[in-house]
Amino acid sequence: MDVRAALAACGSTAEIYRAQIDAENCLAPAEVEALAADHASLPEAAQPWILKLAATCASICATTQPYRRRDLGENAMMFEAPAPSDAPRCLVVAFTGIALRMMLPVAGFLQALPAERCDVLVLRDPDRVCFLQGVPGYAADIPALAARLAADLPMARYTHRCCVGTSSGGAAALVLGPLIGARVALALGGGHPQGLAQRAPPGTDRAAFDALLAAPPQPTRRICAFGEGFPRDGVRARLLAMMCQADLLEVRGVGVHGVLSGLAARKSMDRFLCDVLLGDAPPGPAWPA
């Protein structure tokens, strides 16, 4: 996305906001840093936005994570960092929610994942049907997504694989995890698609995940996490955990649906992802313990 051109073409405040949201959903941290450094070249109305976004990224991690974006498809963005081709890596597959983000701008999410260890694939579902129809333009369903990733990525290089999904992307992460040999599959504020896919068009099979969710998750550890101060998510997480043999994880100090945004505000998102998603030690019933 050419952010400067998109903003320059805007003819109203509403269009500027739309362009900013689109940018937040695709820009890597280094791209945000570069735009902030040259913020005077942007339309005046957009300058405070890019400076605030850069400050948010810096508050998550003082070092700009050197991810570079590579599009595998219109709704499949791969973020990679320079590393020796034979170096072992961790693959993080991230399913966004209905806002097409991981509860915060993608650059902020990436700032919490160490680029020296991770490659991050961010998947979007613009139809907003919980990925029941796969990743539009890339894979028709979740099993097809697993096959596509095996063909497109050097899976043998990834000694650690994990999946994470926020809100309506949570169940998809739990389903994909075992199919790609993930060590951890984490749903944040997620629920079963039957309860979340209210906008699904007629003919959508809302139970498409059921057989896959019910399958034994080993060796993948499934985790359903929710903010302790958001009871609705607690109910959804408990129901989803029972259905798919997942562990339940209460995230202390978070009282909003956006678990990651709540953690980012408390400057603990990087530690949470390191402990729960990337770490080897299984978390207890609550985080932090």
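Quick caveat: nothing in here was measured; it's all calculated off a predicted structure.
- Inter-residue side-chain proximity for L188 and C224 is flagged as unmet; no heavy-atom pair is nearer than 4.5 Å.
- Residues R68 and P82 have side chains in contact (heavy-atom distance under 4.5 Å, counting atoms from C-beta outward).
- A salt bridge between E31 and R69 is present, with a side-chain N of the basic residue lying under 4.0 Å from a carboxylate O of the acidic one.
- For the pair Q111 (side chain) and C61 (backbone), a donor-acceptor distance under 3.5 Å is present.
- Taking 4.5 Å as the limit, every side-chain heavy atom of V254 sits out of range of all side-chain heavy atoms of E228.
- Within a 6.0 Å sphere centred on CD of E74, heavy atoms belonging to other residues, nucleotides or ligands number 12 at most.
- Contact of the F79 side chain with the V106 side chain is registered, since non-hydrogen atoms from C-beta on lie closer than 4.5 Å.
- Closest approach of I223 and A246 over heavy atoms only: N-CB, 4.2 Å.
- Using modelled atom types, one side-chain atom of Q65 and one backbone atom of A115 make a donor-acceptor pair closer than 3.5 Å.
- Residues Y138 and D71 bring no donor and acceptor atom of their side chains to less than 3.5 Å of each other.
- Summarising the geometry, atom CG belonging to L263 is positioned 7.5 Å from atom CG belonging to L273; distances are rounded to the nearest 0.5 Å.
- Residues L278 and C118 approach most closely at CD1-SG, 3.9 Å, considering heavy atoms.
- S268 places no side-chain N or O within donor-acceptor distance of the main-chain N or O of R271, the cut-off being under 3.5 Å.
- Residues satisfying the ring pair (Phe, Tyr, Trp, His ring centres under 6.0 Å) criterion with W287, sequence neighbours excluded, are F272.
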Working for side-chain contact (heavy atoms from CB on, under 4.5 Å), residues L35 and L42: CA-CA 8 Å; L35 283 169; L42 300 180; 4.2 Å; yes
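- Hydrophobic cluster membership of V235, counting Ile, Leu, Val, Met, Phe, Trp and Tyr whose side-chain heavy atoms lie under 4.5 Å apart directly or via other members: L239, M242.
- R222 and D247 are not joined by a salt bridge, as no carboxylate oxygen comes within less than 4.0 angstrom of a charged side-chain nitrogen.
- Checked options L27, I50, D22, V32; the residue passing with V3 is L27 (criterion: side chain to side chain contact (heavy atoms under 4.5 Å, CB included)).
- Residues L174 and F95 form no side-chain contact, since every pair of their non-hydrogen atoms from C-beta on lies 4.5 Å or further apart.
- Taken together through direct or relayed side-chain contacts under 4.5 Å among Ile, Leu, Val, Met, Phe, Trp and Tyr, L104 and F226 form parts of separate hydrophobic clusters.
- A donor-acceptor pair under 3.5 Å is formed between the side chain of R89 and the backbone N or O of E116.
- Between M77 and L121, the closest side-chain pair of non-hydrogen atoms is not below 4.5 Å.
- Atoms CG and CG, on D119 and L153 in that order, are 8.5 Å from each other to the nearest 0.5 Å.
- Minimum heavy-atom separation, T56 to S59: O-OG, 2.7 Å.
- With a 6.0 Å radius and a threshold of 12 heavy atoms from other residues, nucleotides or ligands, R4 has its CZ atom above the threshold.
- Contact check for I21 versus R101: side-chain heavy atoms found under the 4.5 Å cut-off.
- The shortest heavy-atom contact between C90 and C162 is SG-SG, 4.0 Å.
- Remark: side-chain polar atoms of D127 are not paired, donor with acceptor, to backbone N or O of V129 under 3.5 angstrom.
- The distance from the CD1 atom of I60 to the NZ atom of K267 is 8.5 Å, given to the nearest 0.5 Å.
- Within the 3.5 Å criterion, the main-chain N or O of A112 finds no donor-acceptor partner in the side chain of D270.
- Counting heavy atoms from C-beta outward, F109 and T96 have side chains that stay 4.5 Å or more apart.
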Report the C-alpha distance between L176 and F131 in whole Å, list the side-chain angles of each, state the deciding distance to 0.1 Å, and finish with yes or no for side-chain contact (heavy atoms from CB on, under 4.5 Å). CA-CA 11 Å; L176 181 69; F131 294 90; over 6 Å; no
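- R124 places no side-chain N or O within 3.5 Å of a backbone atom of P136 that could act as its donor or acceptor partner.
- Follow the hydrophobic side-chain contacts under 4.5 Å out from I142 and you reach M243 in the same cluster.
- A distance-only check finds no donor-acceptor pair linking the side chain of E33 to the backbone of P29 [under 3.5 Å].
- Partner of L123 under the side chain to side chain contact (heavy atoms under 4.5 Å, CB included) criterion, out of L145, L72, L100, N75: L145 alone.
- H257 and F230 have tilted rings, their planes meeting at an angle from 30° to 60° on a 0 to 90° scale.
- No continuous path of hydrophobic side-chain contacts links V164 to L248 [ILVMFWY only; heavy atoms under 4.5 Å].
- Taking both residues in full, the closest heavy atoms of I180 and A146 are given as CG2-CB, 4.0 Å, listed atom of the first, atom of the second, then distance.
- In this structure, the separation between CZ on R18 and OG1 on T13 is 15.0 Å, given to the nearest 0.5 Å.
- To the nearest 0.5 Å, atoms CE (M102) and CG (N25) are separated by 11.5 Å.
- R128 places a side-chain N or O within 3.5 Å of a backbone atom of P126 that can act as its donor or acceptor partner.
- The backbone N or O of A182 lies less than 3.5 Å from a partner atom in the side chain of T220, making a donor-acceptor pair.
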Take R221 and R183 through the side-chain contact (heavy atoms from CB on, under 4.5 Å) test and state the conclusion after the steps. CA-CA 6 Å; R221 182 165 192 236; R183 189 181 306 172; over 6 Å; no
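- Contact detail for A173 and A185: the closest heavy-atom pair is O-CB, 3.5 Å.
- In this structure, the separation between CH2 on W49 and CG on L7 is 5.5 Å, given to the nearest 0.5 Å.
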